[in-house]
Number of protein chains: 2
Amino acid sequence: MIATRYDPVELRRFCEEVFVSLGMPREDAEVTADSLVRANLEGTDSHGISRLVIYARRMQEGRISARPEIGVERSGSVLRVDGGNSLGQVASYRALEAAIPVARETGIVGVAVRNSNHFGTAAYYCQMACREGMALIATTNSPPGIAPWGGKKAYFGTNPIAFGFPTRREPPVIVDMSSSVVARGRIILAATEGQTIPEGWAIDEEGVETTDAAAALKGAVLPLGGAKGYALAMAVEIMSGVLSGAAFGPRVNNLYKDHDPPANVGHSFILLDVARWMPLDNYYTRMEQFLEEVKAIPRAREVEEVFYPGERRYLTYLKRAKEGVALPVAVREELDLLAAECGVPFPSPVGMS
Amino acid sequence: MIATRYDPVELRRFCEEVFVSLGMPREDAEVTADSLVRANLEGTDSHGISRLVIYARRMQEGRISARPEIGVERSGSVLRVDGGNSLGQVASYRALEAAIPVARETGIVGVAVRNSNHFGTAAYYCQMACREGMALIATTNSPPGIAPWGGKKAYFGTNPIAFGFPTRREPPVIVDMSSSVVARGRIILAATEGQTIPEGWAIDEEGVETTDAAAALKGAVLPLGGAKGYALAMAVEIMSGVLSGAAFGPRVNNLYKDHDPPANVGHSFILLDVARWMPLDNYYTRMEQFLEEVKAIPRAREVEEVFYPGERRYLTYLKRAKEGVALPVAVREELDLLAAECGVPFPSPVGMS
């Protein structure tokens, strides 16, 4: 596939101006633009600028609020946040902004966000916490993708759980994993291209394992590691959806389905101020030893380097920050249309790749 | 294998008297006995009364403290606990006893336990939290079992993470999963019996997948779902070992290796007072709807019932509480020896199974 590379700073500015043209306050537009382009920079293109088009359409329709009223209610070390049907990035960023000083005060905060939408990558909030010397556990639910174990109909989202742990030097440790074997997006892609999918990815609508991508889309994605991934998807659904007061199960609506009501996605965040666990310098030294030991483990055949979670993402970030972000033709064409519609010029490419 | 069934109340009393004979305070003996026999009742025999023998031996040697000084230091909503080289059950139970009133006060508590040992099943602490209308996230590290992804030498423990969520009626939702595909104990068993193990369970010391159980024991257990399980094992190791001030990686010593120093296992607990998230009655009603919906999902072929995590464990508990706990001959023989040594009579069987 031919892809053209763009300057990430210009892509970010483009996203920001599109959001502002749709009525978003400048500071919310900045945060969301940063989350999207950061995902591209880190190699998570599925959560990058390609999402801008659907976000914009839903804001134009009023299905996502461009100027939400976000309510934050504090009770002890717990924040209950009403996202006001904002973009998930906006609700989550504001929730964490409110949570950071509480974590400084009490050492740990639990945050429940309801009435929100797709929040981009969970890694983004982990990075935000790590910059403060804090650790984060983040979860979100999403529209049905995974069936209960033994069932044949999707109920849970592909429900990611993420952990961020700060380090003295970049990059922090960031674990960001869905509860499914694979992202649903990869099955959609295979179906579009008429390709089969590997065994162990999905079941059809009869609950039987299938390698037929189209049949898989009518069925469900398999949970990570069988019954354990089912259990994890359930824990994430309770943390994100049940405990927050958001929707759970099939009532979490799909951004990509026209005429669905607002999604009412829920997120949970647990933010830990590491300095309450031990002096920060001591913690950083322990983490250094830990990560050095992990990386020094004897390697299996044909493995050149052992990476820790978050390291590859960071290396991709460095590379793309320098070389630019490649966008496939299909994505660029969609963005061109959006650019024309919003009256915001799309940046010129910096090269081909 | 021939197994004889025993009254769980008598088994519990036996464990308790053995611990008391080894110098443990009565109340600590009670907690540990309850944790062990509860594991048998729930079908987790690997964490049950069969552990009593090694616990007793290590206490006799002074490698685990029978009368520990457990230190609990509070800072805001964080408890830092020095387990005093106690049994993990004792350190964890005392830590949670201290944490519950703090959670009532602030809504959420982070607990870091260092200088501890094997804590039995994580499910036990989830149940303790659920009885208080609280949710719990629990982790522990353990001696090396899992290699970093791309490495061929075990570094992380099989590092479980558990989630407990209370329900209005029994049983609560309890997710209790290791970060590995399978418990190392099952590979030990296969090696003992000269059997092969299924593909996808383990690698040999060269980092190559193997079905040879003996070769697997020299290598490492594979993480759950590949690289994701590695990432999860790392998150659990940081939560339990790095953040708590306990040992991490290969410095977590093995209870079963003679002459090792104290294990210095670490645990982490995050305790959430659900009533701070929403009125408890409202939460229970939402959980009921959630679990009913999950159980009502159309079933795949040959599946009779969809269970939620914690449900099978509870059904086994009910069955065994009535019929008794079956112990294999080998376990009974070891316990007979221990009984003679400690001067505590082993209970008479209630039947065969």
Side-chain angles (χ1 to χ4, degrees), chain A residues 75-78 80 105-110 112 135 137 147-153 155 163 165 173 175 177 181 203 206-208 224-225 228-229 231-232 234-235 238 242-245 248-249 270 272 274 276-278 283 286-287 290 293-294 297-301 303 305-309, chain B residues 75-78 80 105-110 112 135 137 147-153 155 163 165 173 175 177 181 203 206-208 224-225 228-229 231-232 234-235 238 242-245 248-249 270 272 274 276-278 283 286-287 290 293-294 297-301 303 305-309:
Chain A
S75 169
S77 290
V78 176
R80 289 177 302 210
E105 185 189 322
T106 68
I108 185 169
V109 195
I137 305 173
W149 197 240
K152 63 183 183 184
K153 196 173 169 206
Y155 182 89
F163 298 84
F165 300 101
V173 173
V175 172
M177 53 191 264
V181 169
I203 51 176
E206 286 308 310
V208 179
L224 169 69
K228 289 189 181 187
L232 190 62
M234 178 174 268
I238 298 172
V242 179
L243 263 177
S244 67
F248 52 84
I270 297 175
L272 293 75
V274 170
R276 292 285 181 131
W277 268 252
M278 66 179 65
Y283 162 81
R286 286 168 69 83
M287 279 296 275
F290 175 69
E293 286 177 358
V294 167
I297 281 285
R299 295 187 297 278
R301 281 180 210 160
V303 171
E305 184 173 355
V306 170
F307 292 102
Y308 64 80
Chain B
S75 170
S77 290
V78 177
R80 290 176 301 208
E105 186 188 323
T106 68
I108 185 169
V109 195
I137 306 174
W149 195 242
K152 61 183 184 183
K153 196 172 171 206
Y155 181 89
F163 298 83
F165 300 102
V173 173
V175 172
M177 53 189 263
V181 169
I203 50 173
E206 285 309 310
V208 178
L224 169 69
K228 288 189 182 187
L232 190 62
M234 178 173 267
I238 298 172
V242 179
L243 263 177
S244 66
F248 53 82
I270 296 174
L272 291 75
V274 170
R276 292 287 182 130
W277 267 253
M278 65 179 66
Y283 163 81
R286 286 168 69 83
M287 279 295 275
F290 175 68
E293 287 177 356
V294 167
I297 282 285
R299 295 187 297 280
R301 281 180 208 160
V303 171
E305 186 173 354
V306 170
F307 292 102
Y308 64 81

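Residue numbers begin at 1 in each chain, while the letters A, B, ... track the order of the sequences.
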Contact leader toward chain B among A/Pro309, A/Gly150, A/Gly249, where contacts are heavy-atom pairs under 4.5 Å: A/Gly150
Region of B/Phe307 in contact with chain A, defined by heavy-atom distances below 4.5 Å: backbone
Give the member of A/Val175, A/Leu232, A/Ile238 that has the highest number of heavy-atom pairs under 4.5 Å with chain B. A/Ile238
Should the pair A/Glu206-B/Arg301 be classified as a salt bridge under the 4.0 Å nitrogen-to-oxygen rule? no
Side chain from CB out, backbone as N, CA, C, O: work out which of these in B/Ile270 comes under 4.5 Å of a heavy atom of chain A, or both, or neither. side chain
What are the two closest non-hydrogen atoms of B/Ile297 and A/Pro148, and how far apart are they? CG1-CG, 3.7 Å
Side chain / backbone / both / neither for A/Val109 at chain B, heavy atoms under 4.5 Å: backbone
Flag side-chain contact, heavy atom, 4.5 Å: A/Trp277 against A/Ile108: yes
Taken to the nearest 0.5 Å, the spacing of B/Met287 CE from B/Phe165 CZ works out to 7.0 Å
From the list B/Lys153, B/Glu293, B/Met278, the residue making the most non-hydrogen contacts under 4.5 Å with chain A is B/Glu293
Measuring heavy-atom distances to chain B, does A/Ile203 have an atom under 4.5 Å in its side chain, in its backbone, in both, or in neither? neither
Part of B/Val78 within contact of chain A (heavy atom distance under 4.5 Å): both
Proximity breakdown for B/Leu243 and chain A, heavy-atom pairs closer than 4.5 Å: both
Test your reading of the model: is there a side-chain donor-acceptor pair from A/Arg276 to the backbone of B/Arg80, 3.5 Å cut-off? no
Taking side chain as C-beta onward, heavy atoms only, is A/Thr106 less than 4.5 Å from B/Thr106? no
Could you look at A/Leu272 and say if it's the side chain, the backbone, both or neither that has a heavy atom under 4.5 Å from chain B? side chain
Tell me which of these, A/Ala235, A/Gly107, A/Ala147, A/Gly110, has more heavy-atom pairs under 4.5 Å with chain B than the rest. A/Ala235
Picking from A/Met177, A/Arg299, A/Arg286, which has the most non-hydrogen pairs under 4.5 angstrom with chain B? A/Arg286
Do you know which of A/Gly76, A/Gly229, A/Ala112 has the most heavy-atom pairs under 4.5 Å to chain B? A/Gly76
Would you name the heavy atoms of A/Val181 and B/Lys228 that are closest together and state the gap between them? O-NZ, 4.0 Å
Looking at A/Ser244, A/Gly225, A/Pro298, A/Gly207, which has the largest count of heavy-atom pairs under 4.5 Å with chain B? A/Pro298
Region of B/Phe290 in contact with chain A, defined by heavy-atom distances below 4.5 Å: both
